[in-house]
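These notes concern the structure reproduced below.
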Amino acid sequence: MAKNLLIVESPAKAKTIEKYLGKDFMVKSSNGHIRDLAKSDKGIDIANNFETNYIVSEEKKKVVDDLKKASKKVDEVWLATDEDREGEAISWHLCEALNLDLKTTKRIVFREITKPAVLKAIESPRIVDQKVVDAQQARRVIDRLVGFELSPVLWRKVRTKLSAGRVQSVTVRLIVEREREINAFNSVASYKVVALFTVPNENGVSVILKADLTGNLKTEQEAQSFLESCKGAAYSIDNIEVKPAKKSPTAPFTTSTLQQEASRKLGFSVSRTMVVAQKLYEAGRITYMRTDSVNLSETAMVDIEKNIKKNYGDQYAFPRKFKNKSSSAQEAHEAIRPSYIDAKLIEGSNDEQRLYSLIWKRAIASQMADAQLEKTVVKIDISTNESRLTARGEMIKFDGFLKVYRETIDGEEENNDDGILPPLKKGQILNFKSMAATEKFTRHPARYTEASLVKKLEELGIGRPSTYAPTISTVQKRGYVIKESRDGKERKYKVLSLENDIVNIVTETETTGAEKNKLFPTDIGLLVNDFLREHFDRIMDFNFTAKMEAEFDEIAHGKEEWKKVVNDFYHPFHEEVENTLENSERVTGERKLGDDEKTGKPVIARLGRYGPMVQMGHQDDEDKPKYAPIKPPLSLETITFEEAIDLFKLPRTVGKYKDLEVVVNNGRFGPYVLYNEKFISLEKGEDPFTISLERAIELIDAKEKADAPIYEYEGLPVQKGKGRFGPFLKWNELFINVNKKYDFDNLSTADIIELIEAKKQKEIDKVVQNWEEQGIRVEKARWGRHNIIKGKLKIEIPKTVDAKALTLKEVEGIIEQNAPKKKTPAKKKAPAKKKKATSK
DNA sequence: CAGTGAGCGAGCTTCCGCTTGACTT
């Protein structure tokens with residue numbers, strides 16, 4: 001038996017460290033926090049000077065019991081949780097839960113999981129730092145007080161099940177304010193002038209030289225007169241300026257920068273990035289993925305330098321240390337880097353390989369030399385005109401880190417405008433080809449993507465690496481924010497051109513305002529945000545977290561007592577809560593839009609029981625008011641009278657088909673056609689207000705065709721469909737995924753049978769495996785009748801029972817029931833089709 | 001799982017930050 005027990009937070013880390021330490025050490029993990037405030041009464045006795053009530057949650061009991069047992073068997077317990085506030089607190093909770101002496105139990109820390117770092121840490125143990133623990137307690141208690149006092153206010157004043165908190169409410173505020181900026185934005189048009197020349201390159205071949213006019217022209221008239229003024233002009237190079245420039249690599253990844261780059265380069269959502277990174281971490285491919293540090297360990301830096309010198313040459317290596325830009329960083333780990341830098345490629349899923357490659361390149365590039373560039377600016381005179389044109393070129397003299405990695409910048413389009421210029425000299429006369437003045441419009445600020453939101457949160461010091469992804473999912477789950485794509489609108493723009501001394505004007509169209517996977521506030525999000533801003537502006541302040549952090553630091557440095565900090569915060573806050581509950585109106589978001597022309601009835605928009613809606617008429621009119629739900633992209637806040645009137649036009653009967661009515665309406669899943677008691681969704685972009693009977697019939701016919709069984713197997717119909725997880729077959733209440741190996745549009749009979757049979761076997765295997773894990777010996781199992789044999793008894797499972805979920809005890813119960821009264825084994829017949837518990 | 005929008009009111013919801021699985025239509 002090992003003499004020492006060392007406890008870390010992550011099981012994957014435990015495995016690695018166990019290898020470094022040898023047989024004297026048993027290494028186990030706490031799997032994160034092991035205790036938390038109880039939920040009842042907030043887990044805090046406020047009247048009793050904020051006495052805390054910590055409990056071990058149900059799912060952590062096993063971990064704690066296991067650690068407790070292990071701790072009793074060893075001479076010494078070492079607490080090696082992360083070196084940050086939360087890690088210190090976990091060590092403290094471990095002492096409390098495992099009955100370890102806080103005064104003597106050894107606490108060690110390392111910021112990197114390398115053998116030298118771990119061995120060195122063991123040499124200098126300390127004890128748990130109560131001051132840091134107290135800072136964490138203050139953080140925890142304040143978050144609980146804010147969350148559990150604010151949320152109930154929302155239940156009373158807005159809607160049940162809503163939530164508010166230090167992090168999530170400010171996150172919603174960011175999105176709300178961006179949306180309002182966009183709504184208030186006025187796009188301004190101007191004209192961008194670009195001229196094209198033909199110039200011989202080194203080989204005498206004619207190439208295009210592009211030059212533009214600095215600053216846009218304000219009006220069409222200005223643009224036209226400028227082009228007119230260039231008629232018959234000669235163009236000559238007035239000046240050529242060549243300047244050296246350099247580009248430096250960015251730091252290796254933190255959680256936040258990894259999420260941003262994976263979003264831009266691979267199109268991953270932040271949660272997908274974290275799931276894939278977790279897999280890489282567990283497979284030992286990368287260092288820890290929840291980190292705010294940009295540091296690399298000494299050993300990693302040495303390895304990377306060697307790798308660069310070997311593969312790219314000495315001149316490419318340039319070791320450097322990065323400083324963290326974010327002041328809230330706690331740096332308990334390394335930056336995210338490959339565990340073994342020599343592994344440039346790895347095995348694994350496509351996602352894993354791509355994310356790993358990104359991490360590898362970024363880590364390598366961070367230790368490479370600057371790229372040396374040469375920037376050229378060419379000024380071109382126009383003989384008929386005072387203005388000058390500018391051509392720009394950029395040449396890479398030495399690629400440096402660009403050899404492996406190029407960071408993508410948000411909002412920057414991939415353009416190669418600044419390419420290599422052909423040879424030019426001062427005074428050279430250029431051969432004019434054409435010139436165009438294109439109408440451009442200023443763009444509103446960009447809506448947040450998940451990744452750009454994470455970047456903003458990090459800048460504000462709000463949230464932690466482990467919470468960015470969960471926070472984004474919380475604000476969506478609460479219905480404050482939706483992530484969606486929206487189609488753009490067509491817009492006309494003018495292009496004036498000058499070619500062969502003729503000025504031409506044409507109007508072209510472009511699509512603008514299209515959004516892909518952007519974050520939009522919902523009406524509830526807007527209303528809750530405004531309500532919180534009005535009554536709890538202190539919590540909603542973007543600097544609230546930063547101010548609290550400063551207080552927590554004071555506690556950690558022993559300059560403040562944690563309960564005093566909590567006390568000072570709580571009382572004024574609680575007073576606001578009481579005051580708001582008593583004095584504020586219920587939030588309805590009501591807006592009067594106008595009066596109906598025909599009836600004179602008022603038209604209002606408000607928040608109804610089931611969400612935002614428009615209402616025509618008054619509650620206590622003799623005939624009931626008309627209602628219609630408001631759905632995105634319309635919103636309670638921006639809907640106009642005309643848009644509201646349109647909404648009342650649904651449901652709309654478009655005509656009859658085979659003597660049955662065809663009705664169009666807007667439903668929970670968008671616009672649909674209702675025919676013969678069947679719902680058929682309209683396709684994207686189709687408008688329920690204008691759809692014709694012919695088109696509706698087309699959809700009805702298509703639906704009937706699609707729903708028709710494609711085959712019949714064992715007397716049951718086989719249907720096709722496409723769901724969340726791709727194409728599937730439905731048979732006998734089973735969903736059967738059809739993978740890319742099959743041609744889904746042209747499945748053969750053999751394919752169908754093969755798929756169904758494979759699925760059957762898989763279902764049987766699941767049941768058998770479950771039973772065998774519980775020690776039930778299964779000798780024979782077949783579809784439709786899961787025969788289990790225990791001893792000599794053979795029994796069939798009744799139809800009503802979910803065979804897969806059966807436990808040993810239940811199986812024994814069934815055996816008991818079916819057991820023969822006499823000695824002879826009995827058999828009972830039942831059509832034992834396994835019914836899967838289907839969840840919605 | 002696609003029509004709702006009144007009112008009464010039991011019993012419930014909810015925070016942030018550490019972790020890792022289980023498993024979907």
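Every chain is numbered from 1 and lettered A, B, ... according to where its sequence line falls, protein lines coming before strand lines.
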Sugar-phosphate only, base, or nothing, as touched by A/Ser151 at under 4.0 Å among non-hydrogen atoms: base
Distance below 4.0 Å between A/Thr160 side-chain N/O and B/dT13 OP1 or OP2: no
A/Trp155, nearest nucleotide to its side chain (from B/dT20, B/dT14, B/dG5): B/dT14
Touch class at under 4.0 angstrom, heavy-atom based, for A/Gly165 against every strand present: sugar-phosphate
Between A/Ser163 and A/Arg478: side-chain donor-acceptor atoms closer than 3.5 Å: yes
Side chain of A/Asp84 (C-beta onward), nearest among B/dC18, B/dC15, B/dG17: B/dC18
Which nucleotide in B/dG17, B/dG5, B/dT14 has an atom nearest any side-chain atom of A/His33: B/dG17
Proximal nucleotide (of B/dG7, B/dC16, B/dT25) relative to the A/Asp36 side chain: B/dC16
A/Gln719 CD to B/dT25 C1', straight-line distance once rounded to whole Å: 14 Å
Sugar-phosphate only, base, or nothing, as touched by A/Ala164 at under 4.0 Å among non-hydrogen atoms: sugar-phosphate
Options B/dC16, B/dA6, B/dT20, nucleotide nearest the side-chain atoms of A/Arg166: B/dC16
Proximal nucleotide (of B/dT14, B/dC18, B/dG17) relative to the A/Arg139 side chain: B/dG17
N-O pairing of A/Asp36 and A/Lys60 below 4.0 Å: no
Closest to the A/Tyr672 side chain, choosing from B/dG3, B/dG17, B/dT19: B/dG3
Reported OG1-to-OH distance for the pair A/Thr474 and A/Tyr480, which is rounded to 0.5 angstrom: 10.5 Å
Pairwise 5' ranking along DNA chain B for A/Arg159 and A/Phe679, keeping only the more 5' one: A/Phe679
Sugar-phosphate only, base, or nothing, as touched by A/Ser10 at under 4.0 Å among non-hydrogen atoms: sugar-phosphate
Candidate nucleotides B/dT25, B/dC15, B/dT19, ranked by approach to the side chain of A/Arg140 - the nearest: B/dC15
Touch class at under 4.0 angstrom, heavy-atom based, for A/Glu282 against every strand present: sugar-phosphate
Between CG on residue A/Asp523 and CE on residue A/Met613, distance to nearest 0.5 Å: 12.5 Å
Sugar-phosphate, base or nothing in reach of A/Pro152, heavy atoms under 4.0 Å: base
Sugar-phosphate only, base, or nothing, as touched by A/Gln136 at under 4.0 Å among non-hydrogen atoms: nothing
Sugar-phosphate, base or nothing in reach of A/Gly463, heavy atoms under 4.0 Å: sugar-phosphate
Touch class at under 4.0 angstrom, heavy-atom based, for A/Val146 against every strand present: nothing
Geometric cation-pi criterion, A/Lys13 with A/Tyr288: 6.0 Å, 45°: yes
Side chain A/Arg464 and base B/dC18 donor-acceptor under 3.5 Å: no
From B/dG17, B/dG5, B/dT14, nucleotide with atom closest to A/Ser466 side chain: B/dG17
Polar pair under 3.5 Å, donor/acceptor by atom type, side chain A/Arg144, base B/dC16: no
Chi angles and distances behind the salt bridge (charged side-chain N to carboxylate O under 4.0 Å, His left out) call for A/Lys601, A/Asp596: CA-CA 5 Å; A/Lys601 285 184 175 179; A/Asp596 183 41; over 6 Å; no
From B/dT19, B/dC15, B/dG17, nucleotide with atom closest to A/Tyr288 side chain: B/dT19
A/Glu83 side, atom CD; A/Arg107 side, atom CZ - distance, nearest 0.5 Å: 7.5 Å
A/Gln278 side chain near B/dT20 phosphate (N/O to OP1/OP2, under 4.0 Å): yes
Distance in angstrom units between A/Lys13 NZ and B/dT20 P, rounded: 9 Å
Touch class at under 4.0 angstrom, heavy-atom based, for A/Leu162 against every strand present: sugar-phosphate
